[in-house]
Each structure stands twice: as structure tokens, then as C-alpha cells.
Amino acid sequence: MKTISLDLRERIVACCDEGTSTQKEIAERFCVSLAMVKKLLSQRRATGSIAPRKRAQTRHSMFTLEIRRKIEHLISRQPDITLAELRQALDLTCTLPAIHYALKSMGLTYRDARRWARVRRAQAS
């Protein structure tokens with residue numbers, strides 16, 4: 001969602017300070033939500049400023065390129081490796097679903113691993 005400019009924020013708060021219109025009318029006039037008007041007034045009460053706040057930084061993935069390469073290497077060596085075994089081999093502290101989603105984003109699925117295991121067993125015979 002796009003951040004509302006400081007100029008628009010100032011005009012919204014100025015209209016609220018005049019007291020001639022309701023918050024709902026102000027929201028409709030400036031094409032913003034009622035929640036935005038309330039948020040601006042609340043933010044001004046709490047911080048004294050209506051400037052846009054810093055956005056929260058997103059978390060970085062634990063699965064760096066290096067770890068992904070290690071995962072591919074482990075799976076190529078042992079196609080039927082379990083998620084728990086992967087976690088232990090890589091010394092990761094994440095949950096098993098996190099490993100599952102990383103594998104999924106890499107285009108690897110459990111079914112692929114089982115298929116490769118059958119192929120390897122067939123080649124060994």
C-alpha cells in the first residue's frame with residue numbers, strides 16, 4: 001500500500017482540527033478510509049507527529065544461496081532424506097515446515113525425492 005503524502009496528512013488533520021466536519025466526512029472528502037483519519041489523529045496524540053512512520057523491515061530468509069546449495073547436494077546424495085535429517089545435517093534451528101517451504105520454492109517436493117530414490121535403487125540393482 002502506498003504511503004499518503006505529508007501534505008495530504010496535514011490537510012486531513014487541519015480539517016479535523018477545524019471541527020466543522022465529522023471524521024467520516026473528512027475521510028470521504030480526501031478519499032481515504034475512516035481508519036486512516038483515526039490513525040493520523042492517534043499518531044499525532046502519541047508522538048506529536050503525523051509524518052509517515054518507518055516501515056518494518058522484512059525478515060531475511062535463513063536459506064541463503066549457500067544453504068540452498070548444501071540442500072541440493074544432500075538431496076542428490078540421499079534423495080529420500082527427511083526434513084528432520086536435513087535440519088540436523090545443516091545444523092539449522094528452523095521448523096520443519098520452514099524447510100518444506102524452502103524446498104518448495106526451490107522446485108523440490110517430497111514426491112520428487114521418492115521418485116529419485118526409486119531411480120537410484122533401480123540403478124543399483
Have a look at I26 and tell me which of I12, L34, T20 forms a side chain to side chain contact (heavy atoms under 4.5 Å, CB included) with it. I12

V37-L6 co-clustered via ILVMFWY side chain contacts under 4.5 Å: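 Yes, one cluster joins them.
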
Same cluster for Y101 and L83 if Ile/Leu/Val/Met/Phe/Trp/Tyr side chains link at under 4.5 Å? no

Supply the atom-to-atom distance [X] [atom1] to [Y] [atom2], rounded to the nearest 0.5 angstrom.
| X | Y | atom1 | atom2 | result |
| --- | --- | --- | --- | --- |
| C15 | R29 | SG | CZ | 4.0 Å |
| I99 | L90 | CD1 | CG | 7.0 Å |
| L74 | I67 | CG | CD1 | 11.0 Å |
| E28 | S33 | CD | OG | 11.5 Å |
| H100 | L108 | NE2 | CG | 11.5 Å |
| I4 | E10 | CD1 | CD | 13.0 Å |

Within-4.5 Å side-chain heavy-atom neighbours: L40 and R45: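 Answer no - side chains too far apart.
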
Do I75 and L103 have side chains that get closer than 4.5 Å, going by heavy atoms?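 Yes; the side chains approach each other to less than 4.5 Å.
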
Taking all non-hydrogen atoms of both residues, which atom of [X] and which atom of [Y] are closest, and how far apart?
| X | Y | result |
| --- | --- | --- |
| D80 | E85 | O-OE1, 4.5 Å |
| F63 | A98 | CE1-O, 3.6 Å |
| A51 | Q43 | O-NE2, 2.7 Å |
| R68 | A102 | NH1-O, 3.9 Å |

Is there a side chain to side chain contact (heavy atoms under 4.5 Å, CB included) between R9 and V13? Walk through the geometry before answering. CA-CA 6 Å; R9 290 167 180 260; V13 170; 5.5 Å; no

Using side chain to side chain contact (heavy atoms under 4.5 Å, CB included), reason through Q78 and H73 one step at a time and then give a plain yes or no. CA-CA 9 Å; Q78 185 183 351; H73 177 70; over 6 Å; no

Between E66 and K70, is there a salt bridge with N-O shorter than 4.0 Å? yes

Side chains of T93 and R87: do they bring a donor and an acceptor to under 3.5 Å?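 Per modelled atom types, T93 and R87 side chains form no pair under 3.5 Å.
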
